[in-house]
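Positions are given from 1 along the sequence.
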Amino acid sequence: MTSTAQATKYVYEFSEGSKDMRELLGGKGANVAEMTRILGAERVPAGFTITTEACVAYMNAGREEPEGLEQQVAEALTHLEEQTGKRLGDPDDPLLVSVRSGARESMPGMMDTVLNLGLNDESVEGLAKVTDNERFAWDSYRRFVQMFGNVCRGVPGEKIEDAIKAQKETAGVKDDTELSVDDLKELVDSFKQLYRDQTSEEFPQDPQEQLRQAIRAVFDSWMGERAVEYRRINRLPDDWGTAVNVQQMVFGNKGDTSCTGVAFSRDEITGAPEPSGDFLLNAQGEDVVSGVRTPRDISELNEVMPETHTELMEILRTLESHYRDMQDTEFTVEEGHLYMLQTRSAKRPAQAAVRFAVDAVDEELLSREEALATIDAAKLDALLHPTFDPNAEFDVLARGVNASPGAAKGAIVFTADDAVEQGDAGKDVILVRPFTEADDVAGFFAARGILTSEGGKASHAALVARGMGRPCVSGASDLHIDLNAREVHVNGTVLHQGDLIAIDGTSGVVTTDDVELVDPEVDENFEKVLKWSDEIRRLGVRTNADTPEDAQKAREFGAEGIGLCRTEHMFMAADRQPKMRAMIMAEEEQDRRAALDDLLPFQQEDFEGLFEQMRGLPVTIRLLDPPLHEFLPGLEEIAQDVERARIEQTDDLEELERTLERVHQLQETNPMLGTRGVRLGIVHPEIYEMQVRAVIRAAKAVKERCGEAPHLEVMIPLVAYETELRIMRELVEHVFEEEGDDLERSIGTMIELPRACFAADKIAGQADFFSFGTNDLTQTALGFSRDDVEGKFLAEYIREKIVDRSPFETIDKPGVGWLVRLAAWTGREAKAELKLGICGEHGGDPDSIDFFHMAGLDYVSCSPFRVPIARVAAAQAAVAHSS
């Protein structure tokens with residue numbers, strides 16, 4: 001053993017750790033150690049944690065255990081045996097342990113667990129004698145063989161479930177708890193045969209070998225497909241590794257004085273200050289989270305075990321007060337004695353996060369700033385998602401547990417793979433299964449909602465759905481879901497794959513009616529959080545809006561103006577397209593101007609609707625950006641029309657031929673880098689003149705009608721040279737002078753080219769403001785075509801860890817982000833009063849907002865429904881960088 005290996009401590013007993021050691025011990029290990037300190041050893045079963053560093057060393061060494069680990073585990077096990085007075089593998093009174101994963105951030109259900117380790121053909125008999133409970137002993141053994149075979153050696157879970165189902169059918173019983181001792185013995189034999197079939201080996205009888213394999217299996221599960229996929233979705237690094245927790249078993253399956261469950265210090269769905277959770281009598285923890293049995297509500301524990309219920313409620317209060325956050329715990333009651341197995345900060349849906357934040361401040365548990373930090377701003381999107389129209393009439397097909405809030409509808413799919421395939425094709429789907437497993441995580445991400453016939457609020461489906469912000473109804477027991485036939489049977493109705501279904505995860509309702517979904521209203525708790533955010537944040541928050549409806553919605557959500565109005569969208573309407581095409585088809589300037597004169601009233605009308613919504617607020621109008629050919633039919637389409645007209649000798653042949661010729665003239669090899677933006681304005685200044693004139697007249701009309709106009713910000717897109725902006729600025733100023741007005745106005749540019757970032761000091765001389773168009777800046781800086789990248793190779797780049805997220809979703813800080821910082825810095829060096837904003841999709845992304853705060857921008861602009869998210873994220877950025 002090398003000196004380095006000797007110096008590395010890979011194993012910590014629970015008594016040696018604390019909550020501050022989560023990077024080393026993982027979240028579970030750190031919190032179990034902390035609970036041992038604050039609740040005492042009588043409440044927390046003893047054990048030890050193998051560190052995340054051991055897992056990283058194992059992975060780096062090609063899945064070879066690091067030197068010193070085996071010896072340290074043996075020493076920790078010896079001490080555990082001394083603490084408990086039991087020995088692993090003792091044929092008379094065996095010590096049994098659980099082996100569980102524990103990453104620094106909770107990954108519910110994504111990695112592996114083995115319970116009841118230490119049992120074999122001899123010790124099961126000893127356990128039966130010492131507990132005087134033969135059924136308990138054999139139930140524990142069958143669970144161990146089942147889990148060990150599946151987790152450590154890959155025995156398929158479907159084959160295990162088929163064996164259980166067959167045994168219950170043979171015994172003529174419905175539930176696992178009704179199986180007799182002889183039934184359980186037969187199940188053990190069946191599981192051993194499955195193990196032999198899978199491995200060509202006998203089931204291991206040596207407890208030390210069992211432990212070694214279980215530890216390796218937990219390490220290996222860190223790089224399992226489902227864990228990797230979960231980390232990708234939740235943006236967790238692969239190089240963290242997982243800890244392994246080895247803990248003395250306590251048993252919830254010793255009869256009706258025993259149980260197991262999960263308990264939250266507050267309602268995990270709403271955040272209300274009443275504890276919630278589920279439990280099962282005569283069960284082990286996997287029964288609760290797997291969803292195979294439908295559990296009872298935690299309030300019912302007071303009926304069957306009132307003293308235990310009182311103790312649990314007191315512990316929940318203690319843990320929440322200690323951690324100063326809502327807690328998610330696991331517990332087991334063994335013959336009347338309550339044990340706490342785990343605690344962690346609860347993953348919760350947006351409405352629960354907001355409610356907890358408000359209540360925590362009211363209760364003086366947290367300050368406003370601390371409370372805001374407990375909210376995942378990205379998940380606030382769920383509060384803005386649709387719900388069933390309260391006035392809609394529909395037939396209730398089934399009811400289940402309201403496991404994750406929000407409503408969704410779509411086509412039924414029965415597998416995660418189908419959900420991904422259909423979702424990638426742009427279809428809305430609902431994933432429907434008896435219960436979900438960790439391997440289904442990709443399907444959760446792709447589906448609009450999840451529906452299960454089994455499980456409760458603590459089932460895998462519920463936990464993952466809440467974590468991802470997906471609506472979920474679980475435990476809809478009237479549904480009989482046949483995965484092989486791909487059918488759902490319920491009360492005489494049969495549903496097939498592809499049939500429409502709608503779920504309301506807030507009420508637990510399921511229907512086959514095409515219920516209208518409506519946008520929710522912001523409740524008083526969310527309003528309070530937003531009010532705090534507005535008082536704390538430095539960044540302004542505007543919206544990207546092209547219609548009065550979008551502008552109105554954004555104002556309702558608290559937008560402080562429009563950061564991007566895309567004027568080209570106004571020309572796409574059916575009544576504008578012929579006039580726009582007439583302008584494009586015109587060969588002479590005077591003909592184009594005549595066509596533009598026809599368009600001007602439409603453009604003015606559109607602006608008036610926007611300006612009325614934004615009276616007194618800044619409105620940034622981007623002049624026409626896309627190339628002109630985008631307003632004409634595609635080359636292939638018009639060529640086919642010409643060919644048809646020639647064959648049929650129709651009257652429109654001459655016009656179609658002219659259009660085809662014009663499309664050929666406008667065609668460019670790379671239109672994204674061609675005649676668009678400011679280049680279009682310089683080549684055809686009459687287009688920008690018309691637009692500016694429409695802006696001015698609309699603002700004057702609104703001012704006259706409403707008494708106040710918006711502050712106009714005219715934005716020239718795609719500027720690379722300061723001379724381009726000077727020419728366009730002169731044009732804009734000239735039109736304002738011609739129209740004779742006293743409107744407040746600014747003239748600036750969209751920074752979306754690398755050269756503009758490098759020459760920002762020069763361009764600033766002609767600009768009142770910069771607005772960073774990070775969508776195109778990302779494309780031009782990285783050489784990525786957004787449409788092609790996301791459909792062609794981005795997924796592979798993420799898998800290969802070249803990027804961890806799409807650069808169009810979150811700002812590429814080292815590359816594109818540096819260009820933003822450079823332009824902001826040099827632009828302000830040249831003109832201190834230069835206003836800086838961002839109007840790309842990144843303006844609604846919390847991680848990007850944090851970066852824009854640090855970069856010194858004045859505001860972000862995003863889609864209307866992301867305005868509340870941006871307000872909270874901006875406040876969180878201000879808090880995070882306040883010191």
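Counting heavy atoms of neighbouring residues, nucleotides and ligands inside a 6.0 Å radius, atom OH of Y721 does not exceed 12 of them. Other residues, nucleotides and ligands place no more than 12 heavy atoms under 6.0 Å from the NZ atom of K528. Summarising the local packing, NZ of K762 is surrounded by 12 or fewer heavy atoms from other residues, nucleotides or ligands at distances under 6.0 Å. Heavy-atom neighbours of R355 CZ from other residues, nucleotides or ligands within 6.0 Å: above the threshold of 12. Around atom NZ of K531, no more than 12 heavy atoms belonging to other residues, nucleotides or ligands sit under 6.0 Å away. Counted within 6.0 Å of CD on E704, heavy atoms from surrounding residues, nucleotides or ligands total 12 or fewer; the atom is thus considered open. A 6.0 Å sphere centred on CD of E535 holds more than 12 heavy atoms belonging to other residues, nucleotides or ligands.
Between R697 and the choices Q603, E739, Q604, the side chain to side chain donor-acceptor pair (under 3.5 Å) rule is met once, by E739. Partner of R726 under the salt bridge (charged side-chain N to carboxylate O under 4.0 Å, His left out) criterion, out of E724, E722, E730: E730 alone.
Side-chain N/O atoms of E738 and H734 include a donor and acceptor closer than 3.5 Å. For the residue pair S863/N544, the side-chain donor-acceptor check at 3.5 Å is not satisfied. Using modelled atom types, one finds no donor on one side chain facing an acceptor on the other under 3.5 Å when comparing S746 with E713. A donor-acceptor pair shorter than 3.5 Å cannot be found between the side chains of R871 and S533. No side-chain donor from either of R622 and S771 sits under 3.5 Å from a side-chain acceptor of the other. Between D850 and H881, the side chains place a donor N or O and an acceptor N or O closer than 3.5 Å (distance only, hydrogens not considered).
For the pair K553 and F557, the distance from NZ or CZ to the six-membered ring centre is under 6.0 Å and the angle to the ring normal is within 45 degrees. F444 does not carry R470 over the face of its six-membered ring by the limits of under 6.0 Å from the centre and within 45° of the normal.
Using bins of under 30°, 30° to 60° and over 60° for the plane-to-plane angle, the ring pair F770/F772 lands in the perpendicular bin.
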> Would F808 and Q779 count as a side chain to side chain contact (heavy atoms under 4.5 Å, CB included) if you check the C-alpha gap in whole Å, the side-chain angles of each, and the deciding distance to 0.1 Å?
Replying inline: CA-CA 9 Å; F808 297 102; Q779 295 194 91; 3.5 Å; yes
>> Show, in sequence, the C-alpha distance, side-chain angles and deciding distance for L380 and V872, and conclude whether the side chain to side chain contact (heavy atoms under 4.5 Å, CB included) test is met.
In response: CA-CA 9 Å; L380 293 175; V872 174; 3.6 Å; yes
> Given the rule in the side chain to side chain contact (heavy atoms under 4.5 Å, CB included) test, do Y688 and M728 qualify, once you have shown the distances and angles that lead to the verdict?
Replying inline: CA-CA 9 Å; Y688 277 14; M728 288 295 99; 3.4 Å; yes
> salt bridge (charged side-chain N to carboxylate O under 4.0 Å, His left out) between R805 and D847: does it pass, once the steps are laid out?
Replying inline: CA-CA 11 Å; R805 295 174 68 181; D847 289 344; 2.8 Å; yes
> Would Q552 and E549 count as a side chain to side chain contact (heavy atoms under 4.5 Å, CB included) if you check the C-alpha gap in whole Å, the side-chain angles of each, and the deciding distance to 0.1 Å?
Replying inline: CA-CA 5 Å; Q552 180 181 357; E549 293 76 21; 5.8 Å; no
>> Between D742 and K700, does the salt bridge (charged side-chain N to carboxylate O under 4.0 Å, His left out) criterion hold? Intermediate values first, please.
In response: CA-CA 9 Å; D742 57 352; K700 290 168 72 174; over 6 Å; no
> What's the verdict on salt bridge (charged side-chain N to carboxylate O under 4.0 Å, His left out) for K835 and D768, showing C-alpha distance, side-chain angles and the deciding distance?
Replying inline: CA-CA 7 Å; K835 186 183 292 184; D768 301 318; over 6 Å; no
> Would R537 and D534 count as a salt bridge (charged side-chain N to carboxylate O under 4.0 Å, His left out) if you check the C-alpha gap in whole Å, the side-chain angles of each, and the deciding distance to 0.1 Å?
Replying inline: CA-CA 6 Å; R537 63 184 167 91; D534 293 343; 2.9 Å; yes
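Between R676 and D625 a salt bridge is recorded (basic side-chain N to carboxylate O distance below 4.0 Å). Between R593 and D598 there is no salt bridge, since none of the side-chain N atoms of the basic residue sits less than 4.0 Å from a carboxylate O of the acidic one. Ion pairing between E560 and R542 fails under the 4.0 Å rule for side-chain N and carboxylate O.
With rounding to the nearest 0.5 angstrom, the CG atom of L673 is 8.0 Å from the OG1 atom of T780. The OG1 atom of T778 lies 7.0 Å from the CG atom of D812; values are rounded to the nearest 0.5 Å. Remark: N525 CG to F356 CZ distance equals 12.5 Å, nearest 0.5 Å.
Counting only heavy atoms from C-beta outward, the side chains of C565 and F607 approach each other to under 4.5 Å. A heavy-atom distance below 4.5 Å is found between the side chains of R555 and L617. Two residues are said to be in side-chain contact when any heavy atoms from C-beta on lie closer than 4.5 Å; M750 and T620 fail this criterion. For the pair Y859/V541, no side-chain contact is recorded, criterion being any heavy-atom separation below 4.5 Å from C-beta on. No side-chain heavy atom of Q766 sits under 4.5 Å from any side-chain heavy atom of V719.
The six-membered or imidazole ring of F445 lies away from that of Y230, with a centre-to-centre distance of 6.0 Å or more.
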